[in-house]
*Asks:* 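First the structure, then my questions, so here it is.
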Amino acid sequence: MMTLKIMLNETYKGLLIAWNYKFETFLQLVMMGIVFIGIGFIIGGGQLSTGQLTYTLIGYSMWLYSSIVISGMCRDLLGEAQAGTLEQIFMSPVPVSLVLIGRSFATLITATINILLFTIVILLALKVNISLQWQGLVIFIITMAGLFGFGFIIAGATLIFKRVGELAGLTANALLFLNGSMLPVEQFPNWLALFAKTLPTTQGIILLRDTLLKMQPLYELWQDGSLVLLCSQSIIYFGGGLLIFTWCVRRAKLQGTLGYY
Amino acid sequence: MSENHITNMAVEISNLGKVYGNSNGNPFTAVDNVNLNVRRGEVFGFLGSNGAGKTTTIKMMCGLVTPTTGRILLNGCDVALEHGEAMRQIGVVLEGTRNIYWPLTAWQNLMYFGNLKGCSRSNSKERGEALLKELELWDRRNDIIRNFSRGMQQRIAIACALVADPPILILDEPTLGLDVEATQIMKALLKRLAQDYKKTVIITSHQLDVVQELCERVAIMHKGKIIADKNLNDLLMLFGRDYYQIKIKGVLNGHKNDELQDFIIKEEEGVTLLTGIIENQAKLYSLLDKIREKGVPLISVSPLEPDLEEVFLKLVKNERRIDNHDDIKNYA
């Protein structure tokens, strides 16, 4: 009960702080829209094709989540180290990995609000049509678990190496080209497709397109093994991410560098 | 609680050591076999020069740095083995950092830190209100911390450390960067915490006048080792019992002799101050007789109260542990 309360406390604080930066968030939304339209023009060969935009919008939205989670986790931890509040969090009676999960909920909520606003504006302005299916929500949740697991690895690395901000930014940007957001993974060379499919969100984007655009039910995706692959990846990323984060905390405490930045 | 540990000690540190490996592969000993106890309700000063190892020790107490050797008990809870319970025993304000969230209000910070320590919402509210009223910041509870003065921010940081009502308060440089008025307010607050609320308060500071005013006991750390751990008065007495200052009218030109060669003599505005060691009363009277014989008017004779800064500098300069008066006989 106390653990849940501490996690929700972290979520609430994250939302309060995010509200303080609403103007910056609005500017980010505008930027997201401009980049998306630019990508739409490039992929459409100078035209905005509604069918292509629908396809790209699903991938782009998931990439936005990747970008917010990966860069955000690194930036938040470094920011807290600089502000001196990071060490206070580590003096909580509950394991810090649980506090981190609570914080992830705040990131998920704020990211969802931003991306929903962006998506609604795009849907209305460009007359893009996506049929919302509950199966899509299941795929989304499983994909997010994997993505946050990847975020925990970045967060752990931040505690030890400190200067991983640029690497996190690079990783987030590389995902735009590698996770199938813009181009289908099937069009990649085999070796690149194989690598791309191990990345968080790649398999999630494929299955979201299958459920939302091709209307494939979940049991079919389970039977053909693609949903099993997504679940396995997410479990590995989430569990592995928590383990790596916990190991990094232990290492930072041994090195005495926890609050350094 | 470890081994049904019931003592009157708030903090028990035994054989604590920390060795860091540096980039050259040469290990660096930051804390070397430290043994230290702090009694419940005590205001304890933990002193040392920069790099002495006190911040590493404090961080090991807070579970932020893992010790290489030794054990730390906070109210009987082992920091390494019972992290959660040990963390409930302490409220901490660390040095040189903000410790609280500047984009949030004072009230939001208090509620956040109360919940972070596992306090119920109602308890956090009750304690938060009492603390803000006590600190005269209740009217500013809904203001963003960023807009507060440095002194007010520091008071809020202490309130956040206290909101879960921990029995031990650890303050690393609590008066650093505060102006005179804010320092006075902070000292009054810390006195109240010890006297009225019976908190164990551990203070590290380079402002030794603050420590001398607040602390009952001090430990001095140097190069990773404890070189003194005594009641403040006992420590000062060790160095201060033979020091006298004699004030005479006029100057001593032509009257200086062998008996005065070890004295520090200051002459200014027609008054001479003689400061030095007089081992016993017989020597004091003998010296006063000599002064009378020379016909120099005596103004006053007073035993000197040593200050902590002077004692600290002597201890650090000599680098040896002291336990009793014999240990300081050969001090410079």
Side-chain angles (χ1 to χ4, degrees), chain A residues 1-25 76 79-100 102-103 106 159-161 246-261, chain B residues 18-22 28 30-31 55-56 59-68 77 79-80 82-105 108-109 111-121 124 144 146 157 160-161 164 166 170 172:
Chain A
M1 191 62 191
M2 187 181 77
T3 301
L4 182 67
K5 200 180 80 175
I6 290 176
M7 284 166 69
L8 291 175
N9 185 47
E10 200 61 30
T11 307
Y12 181 61
K13 181 204 71 188
L15 294 175
L16 282 174
I17 291 176
W19 183 246
N20 272 282
Y21 295 99
K22 46 192 176 292
F23 181 68
E24 288 86 340
T25 306
D76 282 359
E80 293 233 13
Q82 283 168 349
T85 45
L86 185 67
E87 289 176 317
Q88 292 289 341
I89 291 168
F90 278 82
M91 287 185 270
S92 165
V94 301
V96 76
S97 50
L98 296 176
V99 178
L100 192 73
R103 176 172 296 208
L159 290 179
I160 294 181
F161 302 110
T246 308
W247 180 83
C248 290
V249 169
R250 208 170 294 156
R251 182 133 186 88
K253 283 184 177 184
L254 271 171
Q255 292 176 340
T257 56
L258 204 57
Y260 290 9
Y261 52 89
Chain B
K18 180 67 193 175
V19 180
Y20 291 116
N22 67 12
F28 165 70
V31 176
T55 297
T56 300
K59 288 194 173 182
M60 286 194 278
M61 286 166 65
C62 300
L64 298 171
V65 171
T66 307
T68 309
C77 302
V79 173
E82 304 159 282
H83 178 83
E85 204 48 48
M87 290 305 103
R88 279 198 196 86
Q89 309 302 317
I90 53 171
V92 183
V93 180
L94 291 172
E95 177 206 353
T97 56
R98 300 176 190 173
N99 291 284
I100 47 177
Y101 289 95
W102 282 22
L104 302 185
T105 66
Q108 286 167 343
N109 265 290
M111 293 305 102
Y112 170 74
F113 282 106
N115 288 332
L116 185 68
K117 287 282 184 178
C119 243
S120 73
R121 186 89 184 152
S124 293
I144 301 285
R146 189 182 288 120
C160 288
I170 299 172
D172 201 0

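These numbers come from a predicted model, not from an experiment. Numbered from 1 within each chain, the chains take letters A, B, ... in sequence-line order.
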*Asks:* Can you say whether A:Leu258 sits under 4.5 Å from chain B via the side chain, the backbone, both, or neither, judging by heavy atoms?
*Replies:*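 Contact with chain B involves the side chain of A:Leu258 alone.
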
*Asks:* Taking all non-hydrogen atoms of both residues, which atom of B:Val93 and which atom of A:Gln88 are closest, and how far apart?
*Replies:*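 It is CA-NE2, 4.4 Å.
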
*Asks:* Going through the distances and angles, do B:Tyr112 and A:Glu10 end up as a side chain to side chain contact (heavy atoms under 4.5 Å, CB included)?
*Replies:* CA-CA 8 Å; B:Tyr112 170 74; A:Glu10 200 61 30; 2.7 Å; yes

*Asks:* Rounded to the nearest 0.5 Å, what separates atom NE2 in B:His83 from atom OG in A:Ser92?
*Replies:*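 It comes to 7.0 Å.
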
*Asks:* Distance check, rounded to the nearest 0.5 Å: B:Leu64 atom CG versus A:Lys253 atom NZ?
*Replies:*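 One finds 6.5 Å between CG of B:Leu64 and NZ of A:Lys253.
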
*Asks:* Examine whether an atom of A:Tyr21 lies under 4.5 Å from a heavy atom of chain B, and if so say whether it belongs to the side chain, the backbone or both; otherwise answer neither.
*Replies:*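 For A:Tyr21, the contact with chain B is made by the side chain alone.
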
*Asks:* Enter the distance from A:Thr85:OG1 to B:Asn99:CG here, rounded to the nearest 0.5 Å.
*Replies:*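 Reported to 0.5 Å precision, the distance equals 8.5 Å.
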
*Asks:* Of all heavy-atom pairs between B:Leu116 and A:Ile6, which one has the smallest distance, and what is that distance?
*Replies:*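 The pair with the smallest heavy-atom distance is O-CD1, 3.5 Å.
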
*Asks:* Got a second to check how far B:Thr105's OG1 is from A:Leu16's CG, nearest 0.5 Å?
*Replies:*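 These two atoms lie 8.0 Å from each other.
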
*Asks:* Going from OH on A:Tyr12 to CE on B:Met111, what distance comes out if it is rounded to the nearest 0.5 angstrom?
*Replies:*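 So the OH of A:Tyr12 and the CE of B:Met111 are separated by 10.5 Å.
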
*Asks:* Nearest 0.5 Å please: distance from the CE atom of A:Met91 over to the NZ atom of B:Lys59.
*Replies:*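 Rounded to the nearest 0.5 Å, the CE-NZ separation comes to 9.0 Å.
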
*Asks:* Which answer fits B:Lys117, side chain, backbone, both or neither, if we ask what part of it has an atom under 4.5 Å from a heavy atom of chain A?
*Replies:*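 Both backbone and side chain of B:Lys117 come within 4.5 Å of chain A.
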
*Asks:* Which atom names give the shortest non-hydrogen contact between B:Val65 and A:Gly256, and what distance separates them?
*Replies:*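 Smallest interatomic distance, heavy atoms only, reads CG2-CA, 3.8 Å.
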
*Asks:* Sort out for me which of B:Ile144, B:Val92, B:Thr56 touches chain A most, counting heavy-atom pairs under 4.5 Å.
*Replies:*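 Most heavy-atom pairs under 4.5 Å with chain A: B:Val92.
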
*Asks:* What part of B:Met60 gets within 4.5 angstrom of chain A, counting heavy atoms only: side chain, backbone, both, or neither?
*Replies:*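 Neither part, no heavy atoms under 4.5 Å.
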
*Asks:* If I measure from the heavy atoms of chain B, does A:Gln255 come under 4.5 Å with its side chain, its backbone, both, or neither?
*Replies:*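 Just its backbone gets close to chain B.
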
*Asks:* Flag the pair B:Gln108 / A:Ile17 as yes when at least one side-chain heavy-atom distance between them is below 4.5 Å, and no otherwise.
*Replies:*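 Heavy-atom side-chain distance check fails, nothing below 4.5 Å.
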
*Asks:* Could you tell me which portion of A:Ile89 (side chain, backbone, both or neither) has an atom closer than 4.5 angstrom to a non-hydrogen atom of chain B?
*Replies:*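 Its backbone and side chain both get close to chain B.
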
*Asks:* Does any N or O in the side chain of B:Lys18 come within less than 3.5 Å of the main-chain N or O of A:Leu254, such that one atom is a donor and the other an acceptor?
*Replies:*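 Between the backbone of A:Leu254 and the side chain of B:Lys18 there is a qualifying donor-acceptor contact (under 3.5 Å).
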
